[in-house]
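Both backbone and side-chain heavy atoms feed into the values below; hydrogens, waters and symmetry mates do not. Sequential numbering from 1 along the given sequence is applied to the chain's residues. Just so it is clear, the model here is predicted, and its values are computed rather than measured.
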Amino acid sequence: MRVLLVKTSSMGDLIHVLPALTDAGSALPDISFDWLVEENFTVIPAWHPLVKNVIPVALRRWRKNIFSANTRAEWHLLRQQLQQPYDLVLDAQGLMKSALLTLFTKGTRVGLDWGSARERFAALCYQRTCQVNFYQHAVVRMRSLFSQALGYALPDTPPDFGIPRQLFQTASSAQQPEKYLVFLHGTTWVTKQWPESYWITLAQTAAQAGYRIKISGGSAEELARAERIAAHCNVVDVLPDLRIADMPALLVHAKAAIAVDTGFGHLAAALGVPTVSLYSSTDPAYTGALGPISAHLSAHFPCAPCLSRTCTYRKPAVVFPACFETVPPEMVWAQVEKVL
């Protein structure tokens, strides 16, 4: 059975789909997937053994030059790729942009129904729809969607992300393991950023416990923050900007990862790395990093989780965002010791 999966972004959302692929493979041994995904994330689907072909799409880039000759040529090539026949075309995104892409495919189009899709009008593009409770974790939603779309019983087993760790493990690191933690501090929402002073204190605490720290950043601002953290603690190694393809090798050899709500935190947990994730403006009940050894620490504050990119709290506070006062470094370190 050949299935085209449409789930274009973002990093955490793509990782949330992986356990559903594993479920499908266990229930339907002859199944295989092609995956339509944003060009910046093509490495993620390739990690799962059931994904045979990864088809890149560049909607984010095309929007900036929608009338250019290059955009038209790339769109024409994509439409040709989508013309191969599939037994099923499954939109796991539930947005208008993903639903419209399914209209250019050959196969029975399936997706979330009117009451389940994030953008309701997407449901009008499908030939068959599935009802999935919106108010549950994204991993559970995806597993439920796949089970209905493909016709098998929803498993009650823990999620298996299906990423082979051996893809990223090196013999030298296994023979001479370095005792280090990974700090995943980068996120696009300022309301998700754990205070810099807290990272410094946590690094100093980890150093006293005999750990080195590996830290990087995906932008000039994040790398500058990493350098400032390292300036206060001589066991912090600032790494160059690590891309998605490079991060798993760093994570699988780590003793633990401490992360804000970011895609790399989801990756760490999915790889089975002991992971402590910190939440302020978002709710881990719906999008928390899941894995065999993962823990969530959420801010307990009157306006948290606000689900907003902008903090509107205006009263005096010790740190920014103010809600993270309730998740201090000593609390985080105590949780790190538990997962270790």
Side-chain angles (χ1 to χ4, degrees), residues 7 9-20 44 92-94 116 118 132-145 156-161 163 181-195 198-199 202 247 251 254 256-311 313 319-340:
K7 183 81 167 178
S9 60
S10 58
M11 185 176 179
D13 292 340
L14 302 181
I15 292 171
H16 290 156
V17 176
L18 298 179
I44 296 175
Q93 193 103 23
S116 306
R118 197 183 311 175
V132 177
N133 179 9
F134 189 85
Y135 297 101
Q136 56 186 342
H137 196 281
V139 168
V140 180
R141 280 172 55 81
M142 290 298 99
R143 296 179 78 182
S144 177
L145 171 62
D156 58 1
T157 54
D160 178 357
F161 292 84
I163 307 175
L181 308 176
V182 177
F183 283 4
L184 300 169
H185 65 106
T187 176
T188 55
W189 291 25
V190 295
T191 54
K192 295 182 183 179
Q193 292 175 4
W194 203 47
Y198 283 5
W199 285 114
L202 187 66
M247 189 60 77
L251 291 171
I258 300 90
V260 292
D261 185 4
T262 180
F264 285 134
H266 293 285
L267 176 58
L271 286 169
V273 179
T275 304
V276 176
S277 300
L278 314 176
Y279 296 89
S280 53
S281 59
T282 53
D283 191 342
Y286 300 126
T287 56
L290 293 186
I293 314 174
S294 59
H296 304 149
L297 291 176
S298 297
H300 294 282
F301 210 69
C303 52
C306 62
L307 306 179
S308 174
R309 293 173 178 262
T310 304
C311 180
Y313 187 78
V319 295
F320 179 86
C323 55
F324 265 140
E325 288 184 17
T326 63
V327 190
E330 56 270 21
M331 177 187 293
V332 175
W333 182 250
Q335 191 63 63
V336 171
E337 291 185 310
K338 288 181 181 180
V339 300
L340 285 169

Asks: Quick check: does any side chain N or O of T275 sit under 3.5 Å from a backbone N or O of V273, one acting as donor and the other as acceptor?
Replies: yes
Asks: If I take atom CD from residue Q93 and atom CZ from residue R118, how far apart are they, to the nearest 0.5 angstrom?
Replies: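 Reported value, rounded in 0.5 Å steps: 6.5 Å.
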Asks: Roughly how far, to the nearest 0.5 Å, is the CG atom of L181 from the CG atom of L202?
Replies: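 With rounding to 0.5 Å, CG (L202) is 8.0 Å from CG (L181).
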Asks: I would like to know whether D261 and T187 meet side-chain contact (heavy atoms from CB on, under 4.5 Å); could you show each step before the answer?
Replies: CA-CA 7 Å; D261 185 4; T187 176; 5.7 Å; no
Asks: If you define the side chain from C-beta out and look only at heavy atoms, does anything of W194 sit under 4.5 Å from P329?
Replies: yes
Asks: So which atom in G272 and which in I293 form the shortest heavy-atom distance, rounded to 0.1 Å?
Replies: O-CD1, 4.2 Å
Asks: Nearest 0.5 Å, please: how far is CG in L297 from OG in S277?
Replies: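 Going from OG on S277 over to CG on L297, the span is 8.5 Å.
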Asks: With no hydrogens and no angle check, is any side-chain donor or acceptor of T326 less than 3.5 Å from a backbone partner on A299?
Replies: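 No; zero donor-acceptor contacts below 3.5 Å.
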Asks: Quick one: closest heavy-atom pair of S298 and P284, and the distance?
Replies: OG-CG, 3.2 Å
Asks: For L14 and K7: C-alpha separation, side-chain torsions, deciding distance, then whether side-chain contact (heavy atoms from CB on, under 4.5 Å) applies.
Replies: CA-CA 7 Å; L14 302 181; K7 183 81 167 178; 3.6 Å; yes
Asks: Can you give me the closest heavy-atom contact between S116 and F134, atom names plus distance?
Replies: O-CD1, 3.7 Å
Asks: When rounded to the nearest 0.5 angstrom, what is the spacing between NE2 in H185 and NZ in K192?
Replies: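 Between H185 NE2 and K192 NZ, I get 15.0 Å after rounding to 0.5 Å.
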Asks: For the residue pair W199 and F183, categorise the inter-ring angle as parallel (less than 30°), tilted (30 to 60°) or perpendicular (more than 60°).
Replies: tilted
Asks: State the CG-CD distance between L340 and Q335, to the nearest 0.5 angstrom.
Replies: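 Answer for the CG-CD pair, L340 versus Q335, is 10.5 Å.
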Asks: Can you sort out the partners of T262 under side chain to side chain donor-acceptor pair (under 3.5 Å), two or more places apart, ordered by chain and number?
Replies: none
Asks: Would the distance check show the side chain of R141 and the main-chain N or O of N133 forming a donor-acceptor pair, the cut-off being under 3.5 Å?
Replies: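 Judged by distance alone, yes, a pair lies under 3.5 Å.
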Asks: Where do V332 and V276 come nearest, in terms of heavy atoms and distance?
Replies: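 Nearest pair, atom of V332 first, then V276: CG1-CG1, 4.5 Å.
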Asks: How long is the gap from CG on L18 to CE on M142, to the nearest 0.5 Å?
Replies: 11.5 Å
Asks: For a quick test of reading the model, state the closest non-hydrogen atom pair linking P19 to V139 and the distance between them.
Replies: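 Heavy atoms of P19 and V139 come nearest at CG-CG1, 4.0 Å.
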Asks: Which pair of heavy atoms, one from W189 and one from T282, lies closest together, and at what distance?
Replies: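 Where W189 meets T282 most closely, the heavy atoms are CZ3-CG2, 4.1 Å.
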Asks: Check the pair H266, H16 against side-chain contact (heavy atoms from CB on, under 4.5 Å), reporting the backbone distance first and the verdict last.
Replies: CA-CA 8 Å; H266 293 285; H16 290 156; 3.3 Å; yes
Asks: Check for a donor-acceptor pair, side chain of S280 on one end and backbone N or O of F324 on the other, with a separation under 3.5 Å.
Replies: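 Answer holds: no.
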Asks: Do F264 and M11 pass the side-chain contact (heavy atoms from CB on, under 4.5 Å) test, and can you show the C-alpha distance, the side-chain angles, and the key distance before you say yes or no?
Replies: CA-CA 8 Å; F264 285 134; M11 185 176 179; 3.3 Å; yes
